[in-house]
Amino acid sequence: MKNTQIARVFQDIADLLEIKAEDKFKIRAYDRAARTIEHLPKEIEIMLAEGESLRDIPGVGDAIEKKITELVSTGKLEYFEKLKADSPSGITELLDIPGIGPKTAQVLTSQLGIQSIDDLEAAIKSGEVAELSHIGEKKAEAILHGIEALRRKDKRIPIGDVFPIIEDILGTLRTIPGVKNLTAAGSVRRFSETVGDIDLMGTADNPETVLKAFVALPQVKEILVQGPTKASVILAGGLQADLRIVEHDSYGSLIQYFTGSKQHNILLRQYALKKGLSLSEYGITDVNTGIIEKFATEEGFYVRLGLQYIQPEIREGQREIEMAERKALPRLISREDIRGDFHVHTDWSDGNESLKAMVLSAQKMGYTYLAITDHSAGLGIAHGLNEDRLKKQMQEIRKLNEQSPGIHVFSGVEVDIKADGSLDLPDKILAQLDIVIAAIHSAINQDTETITRRMIRAIESPHVDIIAHPTCRLIGEREPSAIDMEAVFQAAARHHKILEINCAPSRLDLKDTHVFRARELGVMIALGTDSHRSEQFNYMRFGVNVARRGWCQAKDVLNTRSLNDVFAYLKR
DNA sequence: GCCGTTTTCGGCCCGACTGTTTTCAGTCG
């Protein structure tokens, strides 16, 4: 059983307890455990198999450890089954509707016998719901609205798609006099791989005028809430956008608060309370004196708490606060550390630009090296290279290297890993290349055992340097393959092979938790943009962000090494 | 249910907005 499934069960438990109006701190404990498990870098299954204690997971104590163990070993949890049996059927379905919480759900099921969203819709239309105490016409109307929103709610969208939307909105708002510091916070700033809504924030002389302009934007289809400091709207594409504006001198605490994650903020506030400090978006309040201290910068905010500055990408409520307290946070890799790109296509296979054009663009990026890795012939659609054409390309690259002294071009290939794990090109040609990337592109639906064995066979090939986009997922479009990633990490570590973070926003593969775990095992990471046009070189920033979410330092990523070091590393 | 350089018992994050209320509960992030 995967961590995401375990997390789901504990989230459901928290919801059911909330409906039963159980102790709210008990509810919070289950909720916290669910969130932590969801973001855990290591599969609990593996931890248990290795005899590792679950008590080291923050928020997991005696009771929850026992429940997890039962769930993983038997596939069922007695406590959860009983809880479900005791609760009105369909009640958790109602909680998915925006605007319905545990109290409302409880009233709807107990007083009207509602068991599904369809039941609820009918009851609202018949007027029954509006007659309940504490629910009136407007509330019933709002719930109906929530049902519609739920039904048309699009999936979370890949983070690469939200930046243009955000720039569009902020560009307009920036023209308002007296507004400053407009920026995206929330999951966008933490660089979560998908985004459910966009959180925007800023400071202004007069917050209300900015909010009025925001809800009046042509992109806004519908206004959900609007007050003097915050507003929520639905944009034309169906995406929700929230804007929060405070006065200028609270910028540091506002952006901290609005960046989240929620779990990080809860833990940070708990930590602060122990020091007698209460945190909010307006600043830090001394509990004893009631005096509030304001912060112009986020750095100042963390420093005041006695912490190292915590980068947004690692604010997921794992161990970042205790490490910041010990001043033990790593210096995360940054875009400036990157000296080259290891995954690039040209019009020799399915790329759109010539070899020369791609090299020139890479030079403009300030890179000192670049690997050209066109597809191998097995990929019919990709106009892949056979042995002869690959040899010709190697000659071209050799000439290019003589002509352009500013940048070194590695001759490489992205060789297809065939269904049985063999490679699509003979060893003797692979041996002549500077760098060999291997990747799965077909028969992605093989079962776990088959596809894992297939991948490990490729890792064991003495010619393979890097495994590209290891899970083959396409965000929002194609689920990752059934591959056993822990086994892949172990094999990569054993054979000193490099794993790629594919930087294309539709892939981001490896993902953050995978990177964390692979790095922990000592696996070298390489960033590859998989560029098919030179403008896609800019995807590098996405890959860097994923590496940061995996707590990578410069030393963990091959792209930060000097040309000589890369040569040496590939030669080993 | 979890947790502890103030505690193994007694705490547990903080504020905005809405609607149904005569002072606040519910929901959300």
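On the C1' atoms, dA25(B) is 9 Å away from dT20(B), given to the nearest whole Å. Across the C1' atoms, dG29(B) and dT23(B) are found 25 Å apart, a figure rounded to whole Å. Taking atom P in both dC17(B) and dC12(B), one finds a spacing of 26 Å when rounded to whole Å. One C1' atom belongs to dG11(B), the other to dA16(B), and the distance between them is 26 Å to the nearest Å. Distance check on atom P: dG26(B) versus dT22(B) gives 13 Å, rounded to whole Å. On the C1' atoms, dT8(B) is 12 Å away from dC2(B), given to the nearest whole Å.
Atom P of nucleotide dG29(B) and atom CZ of Arg35(A) are separated by 11 Å, given to the nearest angstrom. Rounded to an integer number of Å, the gap from Leu94(A) CG to dT27(B) P is 12 Å. Atom NZ in Lys66(A) sits roughly 10 Å away from atom P in dC2(B) (whole-Å rounding). Separating the NZ atom of Lys139(A) from the P atom of dT21(B) is a distance of 12 Å, rounded to the nearest angstrom. To the nearest angstrom, P of dG1(B) lies 4 Å from NZ of Lys26(A). In this entry the distance linking OH of Tyr271(A) with P of dC3(B) reads 18 Å, nearest Å. Between the CD atom of Gln226(A) and the C1' atom of dG19(B) there is a distance of 17 Å, given to the nearest Å. Between Ile292(A) atom CD1 and dC14(B) atom P the separation is 12 Å, expressed in whole Å.
At the phosphate of dT27(B), OP1 or OP2 sits under 4.0 Å from a side-chain N or O atom of Thr104(A). OP1 or OP2 of dC14(B) has at least one side-chain nitrogen or oxygen of Ser278(A) nearer than 4.0 Å. An OP1 or OP2 oxygen of dG1(B) is reached within less than 4.0 angstrom by a side-chain nitrogen or oxygen of Lys67(A). An OP1 or OP2 oxygen of dC17(B) is reached within less than 4.0 angstrom by a side-chain nitrogen or oxygen of Thr229(A).
If you find the closest nucleotide of DNA chain B to Asp23(A) and to Phe258(A), the one lying nearer the 5' end belongs to Asp23(A). Residues Leu279(A) and Tyr257(A) both approach DNA chain B. Their nearest nucleotides, taken by heavy-atom distance, put Leu279(A) toward the 5′ side.
Using a 4.0 Å heavy-atom cutoff across all strands shown, Leu273(A) reaches sugar-phosphate atoms only and no base atom. Contacts of Glu325(A) with the nucleic acid, taken as non-hydrogen atoms under 4.0 Å apart, are absent. Ile100(A) comes within contact range of the sugar-phosphate backbone alone, with a heavy-atom separation under 4.0 Å but no base atom that close. Note on Ile143(A): nothing from the nucleic acid sits closer than 4.0 angstrom, heavy atoms only. Residue contacts shown for Ile64(A) are limited to sugar-phosphate atoms, with no base heavy atom under 4.0 Å away. Within 4.0 Å of Tyr282(A), counting heavy atoms only, lie sugar-phosphate atoms of the nucleic acid but no base atom.
In this structure, the nucleotide among dC2(B), dG15(B), dG29(B) sitting nearest to the side chain of Lys262(A) is dG29(B). Looking at the side chain of Ala63(A), the nearest of the listed nucleotides dG19(B), dC2(B), dC17(B) is dC2(B). Of the candidates dG15(B), dC17(B), dC12(B), dC17(B) carries the atom nearest the Val225(A) side chain, counting heavy atoms from C-beta on. For Lys230(A), the listed nucleotide lying nearest its side chain is dA16(B); candidates were dG19(B), dC14(B), dA16(B).
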For residues 162-174 of chain A, tabulate all N or O donor-acceptor pairs below 3.5 Å that involve a side-chain atom, not counting sequence neighbours.
from: Asp168(A); atom 1: OD2; to: Gln219(A); atom 2: NE2; distance (Å): 2.9
from: Thr172(A); atom 1: OG1; to: Asp168(A); atom 2: O; distance (Å): 3.2
from: Arg174(A); atom 1: NH2; to: Leu182(A); atom 2: O; distance (Å): 3.4

Quiz: residues 286-293 of chain A side-chain donor-acceptor pairs under 3.5 angstrom, not counting sequence neighbours:
from: Asp286(A); atom 1: OD1; to: Asn288(A); atom 2: N; distance (Å): 2.8
from: Asp286(A); atom 1: OD1; to: Thr289(A); atom 2: N; distance (Å): 3.3
from: Thr289(A); atom 1: OG1; to: Ile291(A); atom 2: N; distance (Å): 3.2
from: Glu293(A); atom 1: OE1; to: Arg304(A); atom 2: NE; distance (Å): 2.9

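Base pairing of dC14(B): its partner is dG29(B), meeting the Watson-Crick or G-U wobble criterion (both donor-acceptor distances under 3.5 Å).
Taking the centre of each ring, Phe191(A) and Phe542(A) come in below the 6.0 Å mark.
Relative to the ring axis of Tyr79(A), Lys67(A) places its NZ or CZ within 45° and under 6.0 Å from the centre.
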- Residue pair Glu486(A), Glu43(A): steps toward the side-chain contact (heavy atoms from CB on, under 4.5 Å) verdict: CA-CA 8 Å; Glu486(A) 177 72 12; Glu43(A) 291 293 335; over 6 Å; no
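No donor-acceptor pair closer than 3.5 Å links the side chain of Asp31(A) to the backbone N or O of Ala14(A). Side-chain atoms of Glu320(A) come within 3.5 Å of backbone N or O of Gln318(A) as a donor-acceptor pair.
The only option from Ile6(A), Val60(A), Thr513(A), Asn3(A) that meets the side-chain contact (heavy atoms from CB on, under 4.5 Å) definition with Leu40(A) turns out to be Asn3(A).
Side chain to side chain, Gln263(A) and Ser261(A) fail the donor-acceptor criterion of an N or O pair below 3.5 Å.
Of the residues in residues 2-21 of chain A, none has a non-hydrogen atom less than 4.0 angstrom from any atom of DNA chain B.
Using bins of under 30°, 30° to 60° and over 60° for the plane-to-plane angle, the ring pair Tyr30(A)/Phe10(A) lands in the parallel bin.
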